[in-house]
2 protein chains.
Amino acid sequence: MKRKITINDIARDLNISKTTISFVLNGKGAEKGISESSQTRILDHVKKISYMPNFSAQGLRTGKTKTICMMVEDIADPFFSSIARAMEEIAYMKGYKILYSSTENNTQKAKDLIQFYRRRQVDGYILAPPPGIEEDINELIDDNLAVVLFDRTLIGIEADNVLVDNFDISYKAVKHLIENGYRNIAMITLYSEQIQMTERERGYKEAVDEIKNTYFIKNIGFYDHPASNVQEIQRFIDLNNNIDAVFFTTNYLAEMGLEAIRNLKLRIPEDLGIVVFDDDKLFRLFSPTITAIAQPIGEISEHVIKLMLMLLSGKGVKKAKKSIVLPAILQIRESSRPKSD
Amino acid sequence: MKRKITINDIARDLNISKTTISFVLNGKGAEKGISESSQTRILDHVKKISYMPNFSAQGLRTGKTKTICMMVEDIADPFFSSIARAMEEIAYMKGYKILYSSTENNTQKAKDLIQFYRRRQVDGYILAPPPGIEEDINELIDDNLAVVLFDRTLIGIEADNVLVDNFDISYKAVKHLIENGYRNIAMITLYSEQIQMTERERGYKEAVDEIKNTYFIKNIGFYDHPASNVQEIQRFIDLNNNIDAVFFTTNYLAEMGLEAIRNLKLRIPEDLGIVVFDDDKLFRLFSPTITAIAQPIGEISEHVIKLMLMLLSGKGVKKAKKSIVLPAILQIRESSRPKSD
DNA sequence: GTCGGTTTATAAACCGTTTTAGTAACCAAT
DNA sequence: ATTGGTTACTAAAACGGTTTATAAACCGAC
């Protein structure tokens, strides 16, 4: 096994102290008054033997790990995995590595993960937080760690965050159904007090209020058994057979809903108009194509990572926390086309 | 800012040497003959002040980072993100963290990433390798790092690997089309010499050979502009209008293909039967539902991570490398239903 | 009572960096 | 010839653990 090259080897080879080498490698050559000749000598040699500083040693000495963690509900969900992909790209260019984890929206799991990451001395936390971890997050902030929230916030937490205007786009989505002639519009959503969900519900209600109709709301348990959820949705649609459109507040629910609708042999949109929160790249290929709310993945990722890098660079630490609200886009497709009757 | 608690603080508080504490915390209490009373005293105190060892310090001293990296084509691809999710779960329980990266199947990007990870002293490498990095991988192996390949292998590399029987399932998929009355079956695939792709092609050819028909093969550039790829596929199907079925060798190609078919206003499966390599959770909800080859995600993940942990534990390092080949499943749905004419 | 073995514990070295606190050498000015 | 100020560089401490080598205390046996 090859022995690892260390800075001491270079010092010996070049007969220069390791202090000097460290200065040069960290770009402090000029500042520390290291001669040009020494600098090039060092840099050339380092390149030649392709030396790489030991990361653990650097981390130990500086207290920084150049590592950011990102905790989301489910990293395999297309919304989150696309965000992850976009952030990774930007972070990598800045020398940072992102660690991903799925919380399943489970409070205890999230708490455990935060402990795990603290132990690993990650520098920053990007979180789509589950409920009930306000305290843990505030602890992070108290300990001067960089925290950025996205997708949702928690009350009582002062942290930079990036959100989508859930209320506005939900309102527009339901309004769109109404304008296309749908009247008895149901909402299928999760049991959840989380702000992104309550805002979506508020948007739905506001639009339904405008036509003075009643709400048809079905709540589904979060990570329950999918098969029974399909059953539940199916029963709900079947019992409320005056419903002529459904607004699904997550794509996960829409997936189950589409199965329920298929089981009931209902036609989309003749029997039931459909709008889904969160687009999927296959929705535009369905027959009929599915109308969906597309969150601006690229923008969200950029804002989040920019805020994070700013915090990590030390700027903005003492500044007032920013809350960025981005608009989403309603991708109108065939599943919500104007009613013909 | 709270100062971090270190092992020295505990030593001072308890008036016990840090050596003893380290032994106890690493479970070597018995082996090193530390009395029960000291052990409980240490463990209780550690729990009380919720001490956590500094990860960088441990990494520096032991040379281990308890970190595994995983490099795949695109971490946002549902196949890879599902695998990632499954592996993360298992690794976490063993105290390992997985770092994910997307290579975009780009040789240079993969080389850069490997360098990046070496600098971070990751303990193990889980790779779905792009072409042309044989040398880099062999270097890893020479340096005694744990390497497991999956999804594909590279010739000239001696590493544990987990594959799906691409040939067999592709053969079965095309055979299935034939049995359902399709005769002029096209394959739409990537320009690629990678083994998983050549095996899929071999399966297609073998099945087509059995009915002594000609091949209809369209190759698509890898990460080209998607819109022009759709055009290309469209033209291919249009020109070869005797084709009655298509076998897509990746779901990424199928996505473009479905768009092309939609543009051509062809009916599935009346005008064109469809089989896709790699299932998508929405395929069973399409109208018509899409026949797809489902790779055994759970099994793949389990085997890969098990091999990796074995290597990391030191067992099996000197053993002959294992090559595990798993069967895939053909999910038969409506898009390949028997021809009625 | 001292020798050898066991039990229990620890001091000090070590991992590979960064950073602090200095210093040697040179020059210009007094 | 001494002082003061640069310039160019470095020895040693520090980061927080793990591991090696060693030792004190106690015990029973000769």
Side-chain angles (χ1 to χ4, degrees), chain A residues 1-43 45-46 49-67 95 118-121 123, chain B residues 1-43 45-46 49-67 95 118-121 123:
Chain A
M1 164 120 84
K2 280 195 295 199
R3 214 180 54 77
K4 275 259 126 207
I5 300 166
T6 77
I7 200 169
N8 292 303
D9 298 327
I10 304 178
R12 191 171 17 70
D13 291 353
L14 257 44
N15 202 23
I16 293 180
S17 97
K18 62 177 176 176
T19 308
T20 307
I21 295 163
S22 175
F23 284 154
V24 171
L25 290 179
N26 288 300
K28 298 186 182 166
E31 174 191 338
K32 296 288 180 178
I34 309 299
S35 67
E36 278 303 322
S37 65
S38 294
Q39 295 219 37
T40 50
R41 208 153 76 85
I42 291 168
L43 292 173
H45 190 247
V46 160
I49 63 175
S50 66
Y51 159 77
M52 294 174 175
N54 179 299
F55 206 79
S56 299
Q58 287 184 315
L60 173 57
R61 180 63 241 224
T62 63
K64 303 276 166 247
T65 53
K66 289 286 195 173
T67 302
R118 297 211 65 165
R119 181 159 137 48
R120 287 197 166 233
Q121 270 87 30
D123 301 334
Chain B
M1 163 121 85
K2 280 194 297 197
R3 213 181 58 74
K4 274 261 124 207
I5 300 166
T6 76
I7 199 170
N8 293 302
D9 298 327
I10 303 178
R12 190 171 17 72
D13 291 354
L14 257 44
N15 202 24
I16 292 182
S17 98
K18 64 176 179 175
T19 308
T20 306
I21 295 164
S22 175
F23 284 154
V24 171
L25 290 179
N26 289 299
K28 298 185 183 168
E31 173 191 340
K32 297 288 180 179
I34 309 300
S35 66
E36 277 303 321
S37 65
S38 295
Q39 296 219 36
T40 50
R41 208 153 76 87
I42 291 168
L43 292 173
H45 190 247
V46 160
I49 63 175
S50 65
Y51 158 77
M52 293 174 177
N54 180 300
F55 207 78
S56 300
Q58 287 183 316
L60 174 58
R61 180 62 239 232
T62 62
K64 303 275 166 249
T65 54
K66 288 285 194 174
T67 301
R118 297 210 66 165
R119 183 161 136 45
R120 286 196 167 235
Q121 270 89 29
D123 300 335

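Since the model is a prediction, treat every value here as computed from it, not as a measurement. So that the names make sense, note that chain A is the first sequence line, chain B the second, and so on, each numbered from 1.
At the phosphate of D:dG16, neither OP1 nor OP2 sits under 4.0 Å from any side-chain N or O atom of B:Q58. Regarding contacts with the backbone of D:dG16, every side-chain N or O of B:Y51 stays at 4.0 angstrom or more from both OP1 and OP2. Using a 4.0 Å cut-off, no side-chain N or O of B:T6 falls inside it from OP1 or OP2 of D:dG16. A sub-4.0 Å separation between OP1 or OP2 of C:dT10 and a side-chain N or O of B:T20 is present.
The closest donor-acceptor contact from the side chain of A:Q121 to the backbone of A:G63 lies at 3.5 Å or more, if one exists at all. The backbone N or O of A:I34 sits less than 3.5 Å from a side-chain atom of A:Q39, completing a donor-acceptor pair.
Taking atom CD1 of B:I10 as the reference point, atom P of D:dT18 lies 10 Å away to the nearest angstrom. Regarding B:N15, its CG atom lies at a distance of 12 Å from the C1' atom of C:dA9, rounded to whole Å. Counting to the nearest Å, the P atom of D:dT19 and the CG atom of B:L60 are 12 Å from each other. Computed from coordinates, the B:K64 NZ to C:dG16 P distance equals 13 Å when rounded to whole Å. Atom pair B:F55:CZ and C:dC15:C1' shows a separation of 15 Å (rounding to whole Å applied). The distance from atom CG of A:N8 to atom C1' of C:dT17 is 9 Å, rounded to the nearest whole Å. Atom-to-atom, CD1 of B:I5 to P of D:dG17 comes out at 10 Å; the value is rounded to the nearest Å. Computed from coordinates, the A:N54 CG to D:dG16 P distance equals 16 Å when rounded to whole Å.
Side-chain contact check for B:K4 versus B:D9: every heavy-atom pair is 4.5 Å or farther apart.
When the C1' atoms of four end pairs are superposed on the next four at each end of the helix from C:dG1-D:dC30 to C:dT30-D:dA1, using five pairs per end, the two resulting axes differ in direction by 80°, to 10°.
Of the listed residues (B:I10, B:I42, B:L14), just one forms a side-chain contact (heavy atoms from CB on, under 4.5 Å) with B:T20, and that residue is B:I42. A side-chain contact (heavy atoms from CB on, under 4.5 Å) with A:I7 is found for exactly one of A:V46, A:I21, A:T19, namely A:I21. Each of B:T65, B:N54, B:T67 was evaluated against A:R120; a single residue qualifies, B:T67, per the side-chain hydrogen bond (donor to acceptor under 3.5 Å, both in side chains) test.
Counting only heavy atoms from C-beta on, B:T62 has its side chain closest to D:dT18 among D:dT10, D:dT18, C:dT10. Taking only side-chain atoms of A:I7, from C-beta outward, the nucleotide of D:dG17, C:dA9, C:dT18 with the closest atom is C:dT18. Residue B:S17 has its side chain nearest to C:dA11 when only C:dA11, C:dT19, D:dT18 are considered.
Cation-pi geometry between B:K28 and B:F23 is not met at under 6.0 angstrom from the ring centre and within 45 degrees of the axis.
Here CZ of B:R119 is found 5.0 Å from CD of A:Q58. Values are rounded to the nearest 0.5 Å. To the nearest 0.5 angstrom, B:S50 atom OG is 10.5 Å from B:H45 atom NE2. Here B:L25 contributes atom CG and B:Y51 contributes atom OH; the two are 6.0 Å apart, rounded to the nearest 0.5 Å.
Below the 3.5 angstrom threshold, one finds no donor paired with an acceptor across the side chain of A:K18 and the base of D:dT10. If you check distances only, the side chain of A:R61 never reaches the base of C:dT17 with a donor-acceptor pair under 3.5 Å. Judged by atom type and distance alone, B:T19 does not reach the base of D:dT20 through any side-chain donor-acceptor pair under 3.5 Å.
Residue contacts shown for B:F23 include a base, since a base heavy atom lies under 4.0 Å away.
The stretch residues 24-41 of chain A touches DNA chain C through A:N26, A:K28, each having a heavy atom within less than 4.0 Å of the strand.
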